[in-house]
Amino acid sequence: MSCSRGPAAMVRCRHCPSNITAAPGARAVQCMQCTRVTRVPGCGRARPGMPLVPRLQPSPSFGGGCGKKRAVLIGIKYAGRCGSELRGPINDVKCMRYLLTERFGFPNDCVLILTDEERNPTRLPTKDNIRMAMHWLVQGCSFGDSLVFQFSGMGAQVPDDDGDERDGMDEAICPMDSFLQGPILDDEINEAIVRPLVHGVKLHAIVDACHSATVLDLPYQCVISKSTGCLRWRDERPMTGAFKGTSGGKAVLISGSSNGDSRPTYLPESCATIGAMTHSFIRSLECEPRTTYGRLLTSMRAIMRQGGNCNLQGPIGSSIRNVTNFSGVEEPQLSSAHKFNIDCEPFCM
């Protein structure tokens, strides 16, 4: 059943002895003590045909979003909220913006940035603002549009409540207020930015967070064949038959498999740092601008295995020296709304 919009509820954390206050309507909530996520009892999916959440209209400060290329870039360091803040997410966003505007032709006014360093309250990565930003990204999308969604921060898992997950777990991203409002689950992300994509629209999502490998709930995941050593597609469509694809468009997620442990780094404030997975993505494209999806994934995995310091180009990347695996990502992953020739299809945003 769907949860009511009544008063806040008190929920017992399923991972530690803490009690958590869940905001009205939250399907899950994050614990302030252990940072794990707990499902709110009696708060299941909406009835069939009903949206998972109210569709929030984008803030006027987001701009018109009328360009053929537009992006939402989110970086959250959770200052003062997790004991030790994450180092890297803010620079992930800055470097991604440079990549999109300087190398892929995204107009500056069509790149929406949400970070917890913003002073404008509509640009803070709260749950409601992220929901509005996702709606802004896909609103009115049409043939020829190229969309990008980036999230760098904390991810989470919570037991699935509707049988559409093969591993029995929903994945989620954690807004800056997820300790009260709860995380944004993969079901909602899929409904918000995957299903509205019409024919001729392409979406690339780059998510640097733990538990992010299937955070868009896309039907196909790229894996290495044990028999041939080549990349192939694995069918991840729900056993329930639930539809997780687009309305004719293309959706690709570049994310990471992890052991679920975010790794706060204890670096001085003056130390400029970038996330390891985001660094491998940008560095791979700098080294081979005209790459394929298969070569991009292979290159990212090689760069992450090599480790080392940051060596990005541009005025922002050149000032960053440290690479930190704040999300605990062990290996970059790629999933898609449809199968294609991953070794031959050129990568382009």
Side-chain angles (χ1 to χ4, degrees), residues 27-28 30 35-37 39 45 52-53 71-76 78 86 89 92-93 96 114 125 127 130-131 133-134 137-138 147-162 164-176 178 182-197 203-223 234 236-238 242-246 250-262 275-278 281 297 300 325-337:
R27 298 174 61 203
Q30 188 177 17
T35 73
R36 300 286 191 89
V37 172
R39 175 78 67 179
R45 280 183 62 93
L52 291 173
V53 296
V72 169
L73 312 181
I74 303 166
I76 313 176
Y78 310 94
L86 300 181
D92 285 5
V93 165
M96 187 67 71
L114 304 181
K127 189 172 186 176
I130 292 175
R131 284 172 165 173
M134 291 192 295
L137 182 65
V138 301
L147 314 176
V148 172
F149 176 82
Q150 179 201 11
F151 179 86
S152 289
M154 293 178 63
Q157 278 188 317
V158 62
D160 177 36
D161 66 355
D162 59 5
D164 68 350
E165 297 285 350
R166 288 176 177 256
D167 63 355
M169 302 294 286
D170 278 322
E171 284 70 42
I173 58 174
C174 297
M176 65 177 290
S178 61
I184 301 176
L185 303 184
D186 50 10
D187 297 326
E188 179 182 339
I189 299 172
N190 180 276
E191 183 179 283
I193 63 174
V194 174
R195 271 176 265 181
L197 303 175
L203 166 74
H204 289 92
I206 301 94
V207 180
D208 195 342
C210 61
H211 299 302
S212 62
T214 61
V215 77
L216 259 64
D217 264 359
L218 298 179
Y220 302 100
Q221 186 166 14
C222 181
V223 297
R234 183 173 67 198
E236 294 287 336
R237 287 176 292 182
F243 180 70
K244 294 291 185 176
T246 68
K250 174 181 178 179
V252 173
L253 167 66
I254 296 173
S255 56
S257 61
S258 72
N259 59 13
D261 293 326
S262 297
M277 203 205 76
T278 303
F281 173 74
L297 186 60
M300 288 180 64
N325 196 352
F326 65 81
S327 61
V329 167
E330 295 166 350
E331 190 169 68
Q333 302 288 333
L334 187 147
S335 57
S336 174

Asks: For Gly153 and Ala209, which heavy atoms make the closest approach, and how far apart are they?
Replies: O-CB, 3.3 Å
Asks: Before giving the answer on side-chain contact (heavy atoms from CB on, under 4.5 Å), spell out for Ser212 and Phe151 the whole-Å C-alpha distance, their side-chain angles and the decisive distance to 0.1 Å.
Replies: CA-CA 10 Å; Ser212 62; Phe151 179 86; over 6 Å; no
Asks: Check whether any side-chain N or O of Asp186 sits under 3.5 Å from a backbone N or O of Glu171 as a donor-acceptor pair, and report yes or no.
Replies: yes
Asks: Output the distance between atom CG (Leu137) and atom CD1 (Ile130), rounded to the nearest 0.5 Å.
Replies: 13.0 Å
Asks: State the CD1-OG distance between Ile254 and Ser336, to the nearest 0.5 angstrom.
Replies: 10.5 Å
Asks: Looking only at heavy atoms, which two atoms of Leu197 and Ala251 are closest? And how far apart?
Replies: CD1-CB, 3.8 Å
Asks: Quick one: closest heavy-atom pair of Ser152 and Pro89, and the distance?
Replies: O-CB, 3.5 Å
Asks: For side-chain contact (heavy atoms from CB on, under 4.5 Å), just list the numbers for Val148 and Ile206, CA-CA rounded to whole Å, side-chain angles, deciding distance to a tenth of an Å, and then say yes or no.
Replies: CA-CA 8 Å; Val148 172; Ile206 301 94; 4.1 Å; yes
Asks: Quick one: do Arg131 and Glu188 make a salt bridge, cutoff under 4.0 Å?
Replies: yes
Asks: Roughly how far, to the nearest 0.5 Å, is CD1 of Ile76 from CG of Leu86?
Replies: 9.5 Å
Asks: Taking the side chain from Lys250 and the backbone from Ala337, do they hold a donor-acceptor pair closer than 3.5 Å?
Replies: no
Asks: Distance-only, no hydrogens or angles: does the Ser255 side chain make a donor-acceptor pair with backbone N or O of Ala213 under 3.5 Å?
Replies: yes
Asks: Search all heavy atoms of Pro332 against all heavy atoms of Met277 and return the closest pair with its distance.
Replies: CG-CG, 4.3 Å
Asks: Give, for atom CE of Met96 and atom CZ of Phe281, the distance between the pair rounded to the nearest 0.5 Å.
Replies: 5.0 Å
Asks: Between Asn190 and Lys244, is there a donor-acceptor pair closer than 3.5 Å when you use the side chain of the first and the backbone of the second?
Replies: yes
Asks: Got a second to check how far Met154's CE is from Met176's CE, nearest 0.5 Å?
Replies: 13.5 Å
Asks: Of all heavy-atom pairs between Cys222 and Leu297, which one has the smallest distance, and what is that distance?
Replies: SG-CD2, 4.0 Å
Asks: Quick check: closest heavy atoms across Gly75 and Pro125, and the distance to 0.1 Å?
Replies: O-CG, 4.3 Å
Asks: Less than 4.5 Å apart, side chain to side chain, heavy atoms only: is that true for Phe149 and Leu253?
Replies: no
Asks: Are Asp208 and Asp92 packed together at the side-chain level, in the sense that at least one heavy-atom pair is separated by less than 4.5 angstrom?
Replies: yes
Asks: Going by the side chain to side chain contact (heavy atoms under 4.5 Å, CB included) test, name the single residue among Val207, Asp170, Ile184, Leu185 that passes it with Val215.
Replies: Val207
Asks: Only one of Ile193, Leu203, Val72 clears side chain to side chain contact (heavy atoms under 4.5 Å, CB included) with Val138; which?
Replies: Ile193
Asks: Do Arg237 and Tyr220 pass the side-chain contact (heavy atoms from CB on, under 4.5 Å) test, and can you show the C-alpha distance, the side-chain angles, and the key distance before you say yes or no?
Replies: CA-CA 7 Å; Arg237 287 176 292 182; Tyr220 302 100; 3.5 Å; yes
